[in-house]
Each structure stands twice: as C-alpha cells, then as structure tokens.
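Accompanying notes for the structure given below.
These numbers come from a predicted model, not from an experiment.
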Amino acid sequence: MLLNLKNIVKRYDVSPGKDPLTVLDGISFQVNHGETIAVVGPSGSGKSTLLNIVGALDKPTSGVVLFEGNNLAEMKDNDVAHFRNEKIGFIFQLHHLLPQCTVLENVLIPTLTRKTHKHNEELRNRAEELLIKVGLNDHLDYFPARLSGGEQQRVAVVRALINKPKLLLADEPTGSLDQTSAENLGRLLLQINKEDNVSLIVVTHSLDLARKMDTVYSLSNGKLEPFNTNY
C-alpha cells in the first residue's frame with residue numbers, strides 16, 4: 001500500500017462565536033501502488049482540500065495520513081518539504097509555468113535542490129526524454145507564451161514527473177483545456193501511470209476523465225463515497 005488516510009477531519013474557524021466549518025468529516029481511503037483514483041463532487045465540497053492534505057500541503061484537524069507507513073504529521077517541516085519534492089508530483093488546472101523560463105528550465109525547477117553536476121546532467125537528460133515522450137521535443141527552448149494551453153499543461157505534467165514521484169496529484173488538470181486537449185491529457189496521464197507505475201489521484205468535474213480511473217469517489221457534505229459512473 002502506498003497511501004492510507006484514516007478518519008481525516010478538516011475544520012476551519014469561520015468567525016468568533018460560530019461553530020467551525022467542517023469541510024472533511026471522517027474520510028478514510030487507501031491508494032495502492034499504480035492505482036488510479038478520481039474524486040468528483042460539487043465546487044466547494046473540499047476536493048482540493050483533500051488533495052492538499054494528501055500532498056502534505058495542509059494538515060488535517062484530526063486523523064492520520066500514512067505514506068508508505070510513515071505518518072506525515074510526525075515529520076519535521078524540512079522533512080515534509082523534502083518528502084513532498086521527492087515522492088509527490090503536483091499538476092494543477094493553472095499550470096503555473098514561469099514565463100521567463102524556457103520549457104526545459106520550467107521542467108527542471110523542482111530539481112534545483114540537487115547541487116552536484118552529475119545529478120544536473122542526469123536530470124537534464126531525463127527532462128529531455130520526458131519532453132520527447134509527450135511530443136514537445138521541438139519546444140525545449142520555447143517560452144510558455146509560445147505554447148498552446150494543452151502544450152503548457154503537458155510541460156506541467158513533465159515537471160511533476162521529473163523527480164520520479166510515486167504519486168501524482170492532479171487538481172482539475174483538464175479544467176482550462178478544450179475537449180481535444182483534455183482527452184489527450186487524460187490519455188497521457190494513464191500512459192504515465194501504466195508505464196511508470198505511478199499512482200494517480202485526480203480531482204475533476206469531468207466524468208469523462210473520471211471514468212478512465214480505476215476507482216471513482218464522490219465528495220459531498222464532507223463525506224467520501226464510492227461513485228458509480230455507469231449511467
């Protein structure tokens with residue numbers, strides 16, 4: 001097992017004198033190596049909050065997040081940052097590419113903590129191989145402004161993969177794409193999952209994308225339930 005969430009609760013203080021707002025209410029689920037999961041649900045239901053807790057960007061009010069048996073809540077801040085950089089890749093609806101950096105430079109940004117020349121050379125080679133894999137071999141020196149939305153999102157996917165993560169977290173990755181680009185990105189994510197055995201959790205409004213995953217959950221009113229996409 002790669003990931004195990006046990007009874008996750010997340011509450012936010014709204015204002016003095018009022019009860020806290022419960023966004024996640026006792027959520028438990030597991031993710032195995034190489035498994036793909038989609039989480040659907042209405043806007044504001046806490047899908048991104050759940051993803052941020054899984055990715056150690058946020059902490060639950062209560063409950064336990066175990067990654068390969070390690071309790072993330074017990075890690076020191078520096079260890080959590082290192083874990084996040086090495087074990088998890090993030091893909092967002094807005095790709096967050098740096099406009100002043102080339103495609104290749106954007107992909108290599110998560111590797112900047114690695115100082116040695118040997119690592120730099122290996123990582124550059126890996127970046128180029130991944131960009132070739134996603135069909136951007138002629139765009140390495142392009143700046144983001146020269147790319148289409150689908151191409152920019154493919155760069156974001158490669159950036160998420162550069163450190164060989166075990167888990168990819170994708171937050172509405174097709175939300176800003178046209179239908180063709182969205183379908184291409186969905187196929188790419190599944191290709192990466194199969195070829196590299198990378199586990200994948202996708203938060204999405206797209207039932208077309210959700211149906212491609214092994215397991216689909218619905219998040220509503222703080223509860224996570226299995227979701228039937230066969231209709």
Taking every non-hydrogen atom, the tightest pair across Phe67 and Leu3: CD1-CD1, 3.9 Å
Contacts of type salt bridge (charged side-chain N to carboxylate O under 4.0 Å, His left out), residue Glu128, not counting sequence neighbours: Arg124
Nearest-0.5 Å distance, OG1 of residue Thr22 to CG of residue Asn221: 11.5 Å
Ala56 to Phe83 - nearest heavy-atom pair and separation: CB-CE2, 4.1 Å
Verdict with reasoning, Leu57 to Phe90, per side chain to side chain contact (heavy atoms under 4.5 Å, CB included): CA-CA 11 Å; Leu57 292 171; Phe90 294 90; 3.6 Å; yes
Under the side-chain contact (heavy atoms from CB on, under 4.5 Å) test, residues paired with Lys164 that sit two or more places apart: Arg126
Donor-acceptor pair, side chain of Thr174 and main chain of Leu177, under 3.5 angstrom: no
Ser181-Asp178 side chain donor-acceptor pair, cut-off 3.5 Å: yes
Pairwise distance CG(Leu169) to CZ(Arg84) - rounded to 0.5 angstrom: 11.0 Å
Neighbour count >12 (heavy atoms, 6.0 Å) for atom CD, Gln100: yes
Lys194, NZ atom: more than 12 neighbouring heavy atoms under 6.0 Å: yes
Hydrophobic cluster membership, Val155 vs Val198, 4.5 Å side-chain cutoff: yes
Asn32 atom CG, over 12 foreign heavy atoms within 6.0 Å: yes
Asn85 (side chain) donor-acceptor with Ala81 (main chain) under 3.5 angstrom: no
Check against salt bridge (charged side-chain N to carboxylate O under 4.0 Å, His left out), Asp13 and Lys18: CA-CA 8 Å; Asp13 291 327; Lys18 292 190 176 182; over 6 Å; no
Quiz item: cation-pi between Arg146 and Tyr142, 6.0 Å / 45°: yes
Steps toward side-chain hydrogen bond (donor to acceptor under 3.5 Å, both in side chains) verdict (Arg11, Thr61): CA-CA 6 Å; Arg11 298 189 180 98; Thr61 304; 5.7 Å; no
Minimum heavy-atom distance between Leu200 and Leu167, given as atom pair plus value: N-CD1, 4.2 Å
Heavy-atom donor-acceptor pair, Asn193 side chain to Gly34 backbone, under 3.5 Å: yes
Ala210: partners by side-chain contact (heavy atoms from CB on, under 4.5 Å), with sequence neighbours left out: Ala38, Val40, Thr204, Val216
pair Ile201-Val54: side-chain heavy atoms closer than 4.5 Å: yes
Criterion side-chain hydrogen bond (donor to acceptor under 3.5 Å, both in side chains) on His95 and Gln152, from CA distance to verdict: CA-CA 7 Å; His95 37 73; Gln152 291 179 17; 2.3 Å; yes
Parallel, tilted or perpendicular: ring planes of Tyr217 versus Phe29, cut at 30 and 60 degrees: tilted
Other residues, nucleotides, ligands: >12 heavy atoms within 6.0 Å of His82 NE2: no
Worked check of side chain to side chain contact (heavy atoms under 4.5 Å, CB included) between Gln30 and Lys6: CA-CA 9 Å; Gln30 300 174 347; Lys6 297 181 179 181; over 6 Å; no
Full working for side chain to side chain contact (heavy atoms under 4.5 Å, CB included) between Ile91 and Leu185: CA-CA 11 Å; Ile91 306 167; Leu185 183 65; 5.6 Å; no
Same apolar cluster (I L V M F W Y, side chains within < 4.5 Å links), Leu224/Val23: yes
Linked, directly or transitively: Ile88 and Leu189 (ILVMFWY side chains, under 4.5 Å): no
Distance (rounded to the nearest 0.5 Å) between Asn184 CG and Gln179 CD: 10.5 Å
Atom pair NE2 (His33) and CE (Met1), whose distance is rounded to the nearest 0.5 Å: 9.5 Å
Worked verdict on Glu172 versus Phe92 for side chain to side chain contact (heavy atoms under 4.5 Å, CB included): CA-CA 6 Å; Glu172 296 288 356; Phe92 303 99; over 6 Å; no
Which residues share a ring pair (Phe, Tyr, Trp, His ring centres under 6.0 Å) with His205, sequence neighbours left out: none
Same cluster (ILVMFWY, side-chain, under 4.5 Å), Val39 and Val9: no
Single-linkage hydrophobic cluster, 4.5 Å side-chain cutoff, Leu168 and Val202 together: yes
Residue pair Pro165 / Gly89: nearest heavy atoms and the distance that separates them: CB-N, 3.5 Å
Qualifying side-chain hydrogen bond (donor to acceptor under 3.5 Å, both in side chains) pairs, either residue in residues 45-56, two or more places apart: Ser48-Asp171
Donor-acceptor under 3.5 Å (Lys10 side chain, Asp25 main chain): no
Heavy-atom closest pair, residues Leu108 and Ala127: CD2-CB, 3.9 Å
Backbone of Asp214 reached by a side-chain donor or acceptor of Thr36 within 3.5 Å: yes
Distance (rounded to the nearest 0.5 Å) between Ile162 CD1 and Leu123 CG: 5.5 Å
Pairwise side-chain contact, Val65 with Ile53, heavy-atom cut-off 4.5 Å (strictly under): yes
Lys/Arg N to Asp/Glu carboxylate O, Glu195 vs Lys133, below 4.0 Å: yes
Polar side-chain atom of Gln191 near backbone of Leu188 as donor-acceptor pair, under 3.5 Å: no
Minimum-distance pair of heavy atoms, taken over all atoms of Ile8 and Pro60: CG2-CB, 3.8 Å
Nearest-0.5 Å distance, CG of residue Asn7 to CG of residue Leu24: 11.0 Å
Residue pairs involving residues 151-161 (criterion salt bridge (Lys or Arg N to Asp or Glu O under 4.0 Å); sequence neighbours excluded): none
Ile27 vs Lys223 side-chain heavy atoms within contact, under 4.5 Å: no
